[in-house]
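The structure appears right after this line, and notes come after that.
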Amino acid sequence: MYLHFFRVILLAFLTVGWFVPAQAEQGMAIDPATCLGCHSNKLSVHDFAASVHGKNACTSCHVDITDLAKHMRKEIKVEKVHCERCHKKQNSEHYASVHAEKGVTCADCHTDIHTHNYWKNDKRIAVAKCVQCHDKESVYRNSIHGKGVAAGNMDSAACHDCHNLHAIDKLAGAKDFKGREFHTKVCMKCHSDEKLMLKNKVTNVAVKSYMESYHGKNYRLGFPEKVAGCADCHTAHSVLPKADPLSSVNPANMVKQCAPCHPKATPLFAKFYSHGEMTDRHKYPILFYTFVAMTGLLLSTFAVFWVHTLLWMFRGFVENREKAEELASGKHHHVHSTPAGTHVHVIPDAHKQYRRFNRIHIFMHLLVITSFLLLSLTGLPLKFNTQAWAVAMMNMYGGAANAALLHRIGAVITFVYFGMALVMSVNFLFIRKDIKGNPLQRLFGPDSLCFNLRDIVDVYRMVRWFFFKGEKPTFERWTYWEKFDFVAVFWGMFAIGGSGLMLWFPEFFGLFLPGWAFNVATIVHSDEALLATGFIFSVHFFNTHGRPEKFPMDFVIFNGQIAKEEMMEERGDQWKRYEEEGITEQFACKKTSGVMYDFVVKGFGFTALAIGIGLLMLMILAFMGGGGH
C-alpha cells in the first residue's frame, strides 16, 4: 500500500514538475509535492499530511518563497516562519509573556511543527513539554496534581492551568500585587468549583475557611501582597497530602512553613487551624461551641435591648405629645410625685446649670468616642470584606497596612481610657473622702456604676411605664442602662481587648498558648466587635441621644452640665438625696461652657453620631445582602 502511495506521489511530481516553475513565476502557489522532491529526507509525507498543518501548502508558512527557481538557486533568503499570520490570538498572548521576553519562540515549544497534531487537551503532553526546560519545577510530577495528571485525570491541575499556555506572566520571586495575587487566585479557580471538587472527592472547605481568615479577608479586599496565600503554605509545585512526611503542611514541617512570616513560631503556634471551620462540630468542637456561645450572646443582647428601645421609642413619643398638650393649655410640664398624689408645679431656677460630669469624665468620653470610631471604621471593612463599601474604605485608608495601624492606635487609646477607669474605680472605692461608707457600701451605693437591687426595681417600673401601667420612674445618679454600658466596657476589654492582643502579638502568645487559641480569639474578637458596634450605634445612641425627650443629642457628656429641671425630672432621687445632704449648690456651675467650646464640641459630637449611624446602615445593608455570618 505504501509503495503504491509513493508511486502516485512520484508520478504527480514528474507530471507537474515541468510547468510548476512557470506557474510560480506567474505568482501561483507552489505545490507541496514539488517541495518534497528536495525535502523528503527531512519530512515524512505521511506524517505531514496527517498533521494539523497537512491541509496547508508549504508556502502558506514559508511565504517568502515566491519563485521556485530562485529558491532552488538559493537566491531567496528563507526567513523564520511567522506563526502570527494565522495564530493571532495565541501570538498576542505570547507577545506579552515572559517567554517572549526571554526569547522563547513558538518553535521552541512546538518543535514538531511538521508533524504536530492536536493535543486533545491531554495535559500530559503540556506537562512533558514544560519540564523539558523547567527542570527545577519537575518536582511537580511527584505532587498530588502531577500524579493525577499522569494517571489520566484531566481535572487535576497541570502547568498551563495555573500559568496558561501562551499568556505566561513573569512571577519568579514576585513580591508585588500581581505576583502575590497569583499565589492564591489560580488555586481558587479549581478549588472553589464545588462540582469539580465533588466529582474528584476533594473538599472545598479550604476556600471558604481561607476567605474567612485574616489572610483571606485581606486577599478579598485587594491586598494579597500583605498576607500569606495558598502557595505560601502548600508550595506551588510540591503539593502533597498532609499525611505525607514530605508535605509542607505535614505537622512535623509546620513550624518551618510558618517561619517565613512568623520567625518566632513554635510547635504550639503551629497548632493553628489554618482551615478550621467554626460550624463543624465534629472536627472543630472548640471553635463550634465558641461560635454558638458568641452567637447566643449577640442574639440575646440585641433581642432584649432592641425590644426595650422600640417600647421606649413609642412611649416617649406619646409622652412628648402629652407634654405638648400641657404646654398648650398653659400648664408646666414638670411632674412632681408626693404621697398625696401627682401634681404639676413651676420650678424656680428651672434652667440653672448643675455639674453632672467633671473635666476628666468629659476627656475620657472623648477618648472613648475617638478610639471606638477608629476601631469601627477600620475593623468593619475587614468583617464585611465581601461588600463594595468595605473595599472602598480600605482603599481610602491607603491599604490594609494603614488600616491595621489606625486600628492599633485606636486599641492603644482604648487601653489608656480603660486604665484611667481602673484608677478612678480604685480611687472611688478606697481613697475618696467625699463618699460615705466602706468599699463594699460604696460599690453598691447610689454613686456607684455597679448593679444593685434598685436596678431591678427600676427596670420593673420602666417596663410598667412602657405599657402605660404606671408613672415614669425617676432615677439616682446612674440608670440601669448607663450601668450596663459601663460594665460592658469591662467585659469588652477582656473579650475584645484580650483577643485583640493575641492577634496583635501572635508569636508571643504562641509561646504558651496552642495555635487553635488564635482561632478562638478570631471568633470572639469578630463577634464581640460586632456586638459592640451594633449596640453602640443603635441602642446606646437611642438611649443617649435618640429617645424622644433627648433627640437629636444629649450634650451633657460634652460640657458636663445639666439643667435643674431636667435633673429633677430624670434623676429626681439623686436631686432629693443631694437636698437632704445639703450639697446641691456644691454642684451648681459657677461658669457655663463658652459659645466657641459648645460650637466645636457639638460639631464633633454630631459628626461622631453621623459616622456611627452611617456605619450602622452599612452593617444592615451587608446583612441584608448576606454579607455577615
Side-chain angles (χ1 to χ4, degrees), residues 353-380 397 403 405-428 447 449 477-479 481-493 496-497 500 529 531-547 550-563 566-567 570-571 587 589-616:
Q353 299 294 304
Y354 285 80
R355 178 68 56 191
R356 174 158 167 74
F357 298 113
N358 59 35
R359 291 179 180 178
I360 192 67
H361 295 141
I362 296 170
F363 176 69
M364 285 179 65
H365 203 74
L366 291 175
L367 289 181
V368 172
I369 295 171
T370 303
S371 66
F372 196 84
L373 289 181
L374 265 179
L375 293 169
S376 301
L377 286 167
T378 54
L380 288 176
Y397 304 143
L405 175 61
L406 291 172
H407 198 78
R408 287 160 184 165
I409 291 173
V412 170
I413 298 174
T414 300
F415 285 115
V416 168
Y417 76 68
F418 181 69
M420 293 173 67
L422 290 177
V423 171
M424 292 180 67
S425 298
V426 171
N427 181 53
F428 173 83
D447 288 305
L449 276 162
R477 176 162 173 72
W478 305 108
T479 64
W481 63 86
E482 290 169 341
K483 291 182 179 182
F484 184 88
D485 289 346
F486 180 76
V487 172
V489 170
F490 282 82
W491 156 250
M493 282 307 300
I496 299 182
L531 174 60
T533 51
F535 186 90
I536 293 296
F537 296 149
S538 60
V539 178
H540 176 75
F541 274 13
F542 174 82
N543 291 346
T544 307
H545 307 296
R547 51 192 167 115
K550 293 293 184 181
F551 185 83
M553 176 178 285
D554 185 355
F555 193 58
V556 65
I557 194 58
F558 295 109
N559 64 5
Q561 301 165 192
I562 185 171
E566 184 179 357
M567 188 171 181
E570 288 191 356
R571 304 175 194 276
F587 295 92
C589 294
K590 297 178 181 179
K591 183 181 179 182
T592 58
S593 56
V595 174
M596 185 56 69
Y597 175 86
D598 285 0
F599 178 79
V600 172
V601 183
K602 276 189 176 181
F604 172 79
F606 278 114
T607 300
L609 195 64
I611 292 172
I613 294 173
L615 289 174
L616 179 64

Worksheet item: Would you say Arg356's side chain and Arg477's backbone share a donor-acceptor pair under 3.5 angstrom?
Response: yes
Practice prompt. Measure centre to centre between the rings of Phe537 and Phe372, then say whether the value is under 6.0 Å.
Written response: yes
Discussion item. I'd like to check Met420 versus Leu367 (side-chain heavy atoms, cut-off strictly below 4.5 Å). Are they in contact?
Written reply: yes
Worksheet item: Do Asn543 and His540 meet the criterion of a side-chain donor-acceptor pair at a distance under 3.5 Å?
Response: no
Discussion item. For Asp485, give me all partners under salt bridge (Lys or Arg N to Asp or Glu O under 4.0 Å), at least two apart in sequence or on another chain.
Written reply: none
Worksheet item: Any side-chain heavy atom of Thr533 within less than 4.5 Å of one from Leu615?
Response: no
Worksheet item: Under a 4.5 Å cut-off applied to non-hydrogen side-chain atoms, are Gln561 and Arg355 in contact?
Response: yes
Worksheet entry | Test salt bridge (Lys or Arg N to Asp or Glu O under 4.0 Å) applied to Arg547 - qualifying residues, sequence neighbours left out | Glu549, Glu570
Worksheet entry | Value rounded to 0.5 Å, distance of CD1 in Ile409 from CG in Leu375 | 10.5 Å
Worksheet item: Partners of Asp447 by salt bridge (Lys or Arg N to Asp or Glu O under 4.0 Å), sequence neighbours excluded?
Response: Arg577
Practice prompt. Would you mind reporting whether Thr544 and Glu482 have side-chain heavy atoms less than 4.5 Å apart?
Written response: no
Discussion item. In the structure I gave you, are the side-chain heavy atoms of Phe418 and Ser371 within less than 4.5 Å of one another anywhere?
Written reply: no
Discussion item. If you compare all heavy atoms of Gly612 against all heavy atoms of Phe541, which two are closest, and at what distance to 0.1 Å?
Written reply: CA-CE2, 3.9 Å
Item to complete: Can you see which heavy atom on Cys589 is nearest to which on Tyr354, and at what distance?
Response: SG-C, 3.5 Å
Worksheet item: Do side-chain atoms of Tyr597 reach the backbone of Asn559 as a donor and acceptor pair under 3.5 angstrom?
Response: no
Discussion item. List the residues meeting side chain to side chain contact (heavy atoms under 4.5 Å, CB included) with Ala421, not counting sequence neighbours, and say none if there are none.
Written reply: Met364
Worksheet item: Above 12 or not: heavy atoms from other molecules or residues under 6.0 Å from CZ of Phe551?
Response: no
Worksheet item: Is there a side-chain contact between Leu449 and Phe428 (heavy atoms, below 4.5 Å)?
Response: no
Discussion item. Is any side-chain heavy atom of Phe555 closer than 4.5 Å to one of Asp598?
Written reply: yes
Practice prompt. State the CD1-OH distance between Ile360 and Tyr417, to the nearest 0.5 angstrom.
Written response: 14.5 Å
Practice prompt. Return the set of residues passing side chain to side chain contact (heavy atoms under 4.5 Å, CB included) with Ile369 (not counting sequence neighbours), or none when no residue passes.
Written response: His365, Leu373, Phe558, Phe604, Ala608
Practice prompt. Grab the two heavy atoms, one from Ala532 and one from Ile496, that are nearest each other, plus how far apart they are.
Written response: CB-CD1, 4.1 Å
Practice prompt. May I have the step-by-step check of side chain to side chain contact (heavy atoms under 4.5 Å, CB included) for Leu374 and His407, ending in yes or no?
Written response: CA-CA 6 Å; Leu374 265 179; His407 198 78; over 6 Å; no
Worksheet item: Are the side chain of His545 and the backbone N or O of Asp554 linked by a donor-acceptor pair below 3.5 Å?
Response: yes
Item to complete: Report the C-alpha distance between Trp481 and Phe542 in whole Å, list the side-chain angles of each, state the deciding distance to 0.1 Å, and finish with yes or no for side chain to side chain contact (heavy atoms under 4.5 Å, CB included).
Response: CA-CA 11 Å; Trp481 63 86; Phe542 174 82; over 6 Å; no
Item to complete: Output all residues satisfying side chain to side chain contact (heavy atoms under 4.5 Å, CB included) with Ser538, sequence neighbours left out; order by chain, then residue number.
Response: Trp306, Leu616
Worksheet item: Side-chain contact, heavy-atom cut-off 4.5 Å: Val426 with Leu422?
Response: no
